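A quick note: this is a predicted structure, and the numbers were derived from the prediction, not measured.
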Amino acid sequence: MKNVILLKPFQCVVFVFAGVFVHSTSAADWEIKMLNFGAKGSMVFEPDFVQAEVGDTVTFIPSNSGHNARSYVVPDGAKSWKTPVDKPYTIALEQEGLHLFYCPPHLMMGMVGMIQVELASNLDKLMAKAPKLRSKVALKPERVDELLRQIRQ
């Protein structure tokens, strides 16, 4: 028993607390691929809906050429964003709420997506603007409806 280290009860509590704290504060980095063809058809974000936490990041990956992503609705206090065409781009999720986004070159083809960061605190704002975005989608406008159905309140 030469290598056994005995800890006092207080030290055990500190180690357990530190382990829980470190585990609970780790942020996720979500990846959203921008694809010409994916599981839901042509011109899609995959995944098209992400349920995230404050502190997470989302990296948009241009898996095929000619894509980018642009915010349409963002949470209160968050800045609008637009990714460069054909380059990976990461956004930090610092405010609770919904991000509705689209691919500008392929909006009319239904290339839309959403990120929900914890609670849907800006749901009223999103519901007021979503119909206008949907009206710009010529093919597969139901994709906007599918995103709205996934929102957790």
*side chain to side chain contact (heavy atoms under 4.5 Å, CB included) between L126 and I151, worked out*: CA-CA 11 Å; L126 181 128; I151 296 170; 4.0 Å; yes
Work out which heavy atom in [X] is nearest to a heavy atom in [Y]; give both atom names and the distance.
X    : Y   : value
K125 : V74 : NZ-O, 3.3 Å
P47  : V50 : CG-CG2, 3.8 Å
V54  : Q95 : CG2-C, 4.1 Å

[atom1]-[atom2] distance between [X] and [Y], expressed to the nearest 0.5 angstrom:
X    : Y    : atom1 : atom2 : answer
N68  : T83  : CG    : OG1   : 4.5 Å
L139 : M109 : CG    : CE    : 6.0 Å
L98  : M127 : CG    : CE    : 10.0 Å
E118 : R152 : CD    : CZ    : 12.0 Å

Worksheet item: Counting distance only, does the side-chain N/O of N122 pair as donor-acceptor with the main-chain N or O of D76 below 3.5 Å?
Response: no
Report task. Would you confirm whether E46, through its side chain, and L35, through its main-chain N or O, come within 3.5 Å as a donor-acceptor pair? Result -> no
Is there side-chain contact between [X] and [Y], with at least one heavy-atom pair below 4.5 Å?
X    : Y    : value
L107 : V137 : yes
Q153 : L123 : yes
V58  : H99  : no
Q116 : Q150 : no
I91  : F60  : yes

Could you label the plane-to-plane angle of the F45 and F101 rings as parallel, tilted or perpendicular, counting under 30° as parallel and over 60° as perpendicular? perpendicular
Exercise: do T59 and D29 side chains pair donor with acceptor under 3.5 Å | yes
- Can H67 and N36 be counted as having a side-chain donor-acceptor contact under 3.5 angstrom? yes
Do R143 and D48 meet the salt-bridge criterion of a basic N to acidic O distance under 4.0 Å?
no
